[in-house]
Participant: 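Before anything else, here's the structure in question.
Here is the naming used below: chain letters follow the sequence lines, and residue numbers restart at 1 for every chain.
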Number of protein chains: 2
Amino acid sequence: MPENCDFKRSPCPIANVLDLIGDRWSLVILRDLFLGKRRYGDFTRSPEKIPTNLLAERLKRLQREGLIDKVAYQQQPPRYEYHLTAKGRDTRPILEAMARWGNRYIPGTFVPPDDFWQQPDPTGGEG
Amino acid sequence: MPENCDFKRSPCPIANVLDLIGDRWSLVILRDLFLGKRRYGDFTRSPEKIPTNLLAERLKRLQREGLIDKVAYQQQPPRYEYHLTAKGRDTRPILEAMARWGNRYIPGTFVPPDDFWQQPDPTGGEG
DNA sequence: TGTTGTTACTTTAAAAAATAAAGTAACTGG
DNA sequence: CCAGTTACTTTATTTTTTAAAGTAACAACA
């Protein structure tokens with residue numbers, strides 16, 4: 001057992017994933033990153049209309065937990081882009097499983113096209 | 001487009017799944033059902049220690065949304081068991097994907113044994 | 001030089017949800 | 001009769017979410 005075994009609720013992997021990204025917004029942000037969105041404004045313009053304080057907080061948490069990287073794309077004024085790390089990219093099976101279930105059981109939800117998840121990472125952001 | 005297109009946030013299947021079961025407790029309850037737990041007391045005794053008012057509310061929602069059935073197992077006093085429906089059982093890929101990600105990235109989480117998800121439904125609860 | 005606009009946040013106040021704890025109803029078993 | 005169990009409901013407090021406004025640093029234009 002490593003030192004970082006201070007589980008919030010239990011050693012169950014599902015409960016722990018929920019404590020990390022099991023809220024109303026984190027997976028929506030990850031979805032947007034898979035779609036190729038990178039900047040703060042991109043996320044705010046998504047149809048779900050995330051409140052800006054929550055966006056800022058969630059981006060901080062995702063970064064702190066190593067699912068995304070924050071990389072500067074200009075200096076004056078300092079501006080940043082957000083990129084998925086390998087850890088973040090590996091949430092794809094979770095998003096895919098959710099999308100499939102949603103498509104099957106929630107009528108009217110859009111079916112992601114085949115290239116939905118194929119997001120290249122041109123700047124190669126890796127933690 | 002069917003009539004029931006009053007999406008909470010957007011037509012995205014992921015956002016809609018989150019609005020349905022994307023909270024701290026719903027997937028923990030579904031996990032327990034996959035583990036074979038059926039009664040109110042079973043759920044309260046899980047290591048995550050769900051508050052009882054939230055358990056009651058989540059069971060109601062899962063039932064209302066057709067993921068679980070509530071079936072009487074005695075009359076005096078009336079007592080019920082909760083069972084996964086096909087719709088509920090089909091959340092398994094979501095739980096499996098979460099468990100896999102958790103096992104890979106959250107050290108110390110237990111690895112579900114091969115028979116973890118193999119839960120037979122002896123009473124055959126179907127909505 | 002002043003005004004408007006953009007980007008990326010932070011702050012504030014109100015509403016909603018989660019939590020902990022106690023309470024209730026209908027029994028069972030001794 | 002009394003303690004215990006099951007399946008909840010109710011209440012009060014804390015935390016989180018939400019909506020909205022505010023801020024800082026610039027750029028573009030007139």
Participant: A/Tyr80 OH to C/dT6 C1': how many Å, rounded?
Facilitator: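 Rounding to the nearest Å, OH of A/Tyr80 and C1' of C/dT6 are 18 Å apart.
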Participant: Taking N or O atoms only and anything under 3.5 Å, show me the protein contacts with nucleotides 24-30 of chain C, one pair per line.
Facilitator:
none

Participant: Side chain of B/Trp101, backbone of B/Ile106: donor and acceptor closer than 3.5 Å?
Facilitator: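 Between the backbone of B/Ile106 and the side chain of B/Trp101 there is no qualifying donor-acceptor contact (under 3.5 Å).
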Participant: Distance under 6.0 Å and angle within 45° of the ring axis: does B/Arg9 meet both against A/Trp25?
Facilitator: yes
Participant: Measure the CD1-CD1 distance between A/Ile29 and A/Ile68 for me, rounded to the nearest 0.5 Å.
Facilitator: 7.5 Å
Participant: Answer yes or no: does a side-chain N or O of A/Trp25 lie under 4.0 Å from OP1 or OP2 of D/dT17?
Facilitator: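 For D/dT17, neither OP1 nor OP2 has a side-chain N or O of A/Trp25 closer than 4.0 Å.
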Participant: Do you know which of A/Glu65, A/Arg31, A/Arg61 makes side chain to side chain contact (heavy atoms under 4.5 Å, CB included) with A/Ser26?
Facilitator: A/Arg61
Participant: Please determine if B/Arg38 forms a cation-pi arrangement with B/Tyr73, meaning its NZ or CZ atom is less than 6.0 Å from the six-membered ring centre and no more than 45° off the ring axis.
Facilitator: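 No.
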Participant: Below 4.0 angstrom from OP1 or OP2 of D/dT9, is there any side-chain N or O of B/Lys60?
Facilitator: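 Yes, within the criterion.
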Participant: Indicate, with a heavy-atom threshold strictly under 4.0 Å, whether A/Phe43 touches base, sugar-phosphate, or nothing.
Facilitator: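 Result for A/Phe43 = nothing.
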Participant: For A/Tyr73 and D/dA25, give me the distance from atom OH to atom C1', rounded to whole Å.
Facilitator: 12 Å
Participant: Could you tell me the separation between the CZ atom of B/Arg9 and the P atom of D/dA19, rounded to a whole number of Å?
Facilitator: 11 Å
Participant: Between C/dA18, C/dT7, D/dT18, which nucleotide gets closest to the side-chain atoms of B/Asp23?
Facilitator: C/dA18
Participant: Considering only side-chain heavy atoms of A/Asn53, which listed nucleotide, D/dA19, D/dT9, C/dT7, is closest?
Facilitator: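 Output: D/dA19.
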Participant: Once you round it to whole Å, what is the distance between P of C/dA8 and CD of A/Gln63?
Facilitator: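 Interatomic distance, CD of A/Gln63 to P of C/dA8: 15 Å.
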Participant: Write down the distance between NZ (A/Lys49) and C1' (D/dT18), rounded to a whole number of angstrom.
Facilitator: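 Those two atoms, NZ and C1', are 15 Å apart.
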Participant: Side chain of A/Tyr105, backbone of B/Val17: donor and acceptor closer than 3.5 Å?
Facilitator: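 Flag not set: sc A/Tyr105 to bb B/Val17 has no pair under 3.5 Å.
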Participant: Would you say A/Arg58 places a side-chain N or O within less than 4.0 Å of OP1 or OP2 belonging to D/dT17?
Facilitator: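 So the side chain of A/Arg58 is within the cut-off, an N or O lying under 4.0 Å from OP1 or OP2 of D/dT17.
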Participant: Please state whether the phosphate of D/dT18, meaning OP1 or OP2, lies under 4.0 angstrom from any side-chain nitrogen or oxygen of A/Arg24.
Facilitator: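 Answer yes for this pair, as a side-chain N or O of A/Arg24 is under 4.0 Å from OP1 or OP2.
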Participant: A/Pro51 has a side chain; which of D/dT9, D/dT18, C/dT7 sits nearest to it?
Facilitator: D/dT18
Participant: Is any side-chain N or O of B/Tyr82 closer than 4.0 Å to OP1 or OP2 of D/dC8?
Facilitator: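 Answer is yes, contact under 4.0 Å.
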Participant: Round to the nearest Å and state the distance from B/Leu59 atom CG to D/dT6 atom C1'.
Facilitator: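 That distance rounds to 14 Å.
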Participant: Quickly work out the B/Glu48 CD to C/dT19 C1' distance and round it to whole Å.
Facilitator: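 Atom-to-atom, B/Glu48 to C/dT19, this comes out as 16 Å.
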Participant: Can a side chain N or O of B/Lys70 be found less than 4.0 Å away from OP1 or OP2 on D/dC8?
Facilitator: yes
Participant: Looking only at side-chain atoms of A/Thr52, point me to the closest of D/dA7, D/dT17, D/dA20.
Facilitator: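 Output: D/dA20.
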Participant: Using atom CD1 of B/Ile29 as one end and atom C1' of C/dA18 as the other, report the distance to the nearest whole Å.
Facilitator: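 To the nearest whole Å, that distance equals 13 Å.
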Participant: What class does the angle between the rings of A/Phe34 and A/Trp117 fall in, given that below 30° is parallel, 30 to 60° is tilted and above 60° is perpendicular?
Facilitator: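 Geometry flag for A/Trp117 against A/Phe34: perpendicular rings.
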Participant: Is any side-chain heavy atom of B/Met98 less than 4.5 Å from a side-chain heavy atom of A/Leu18?
Facilitator: yes
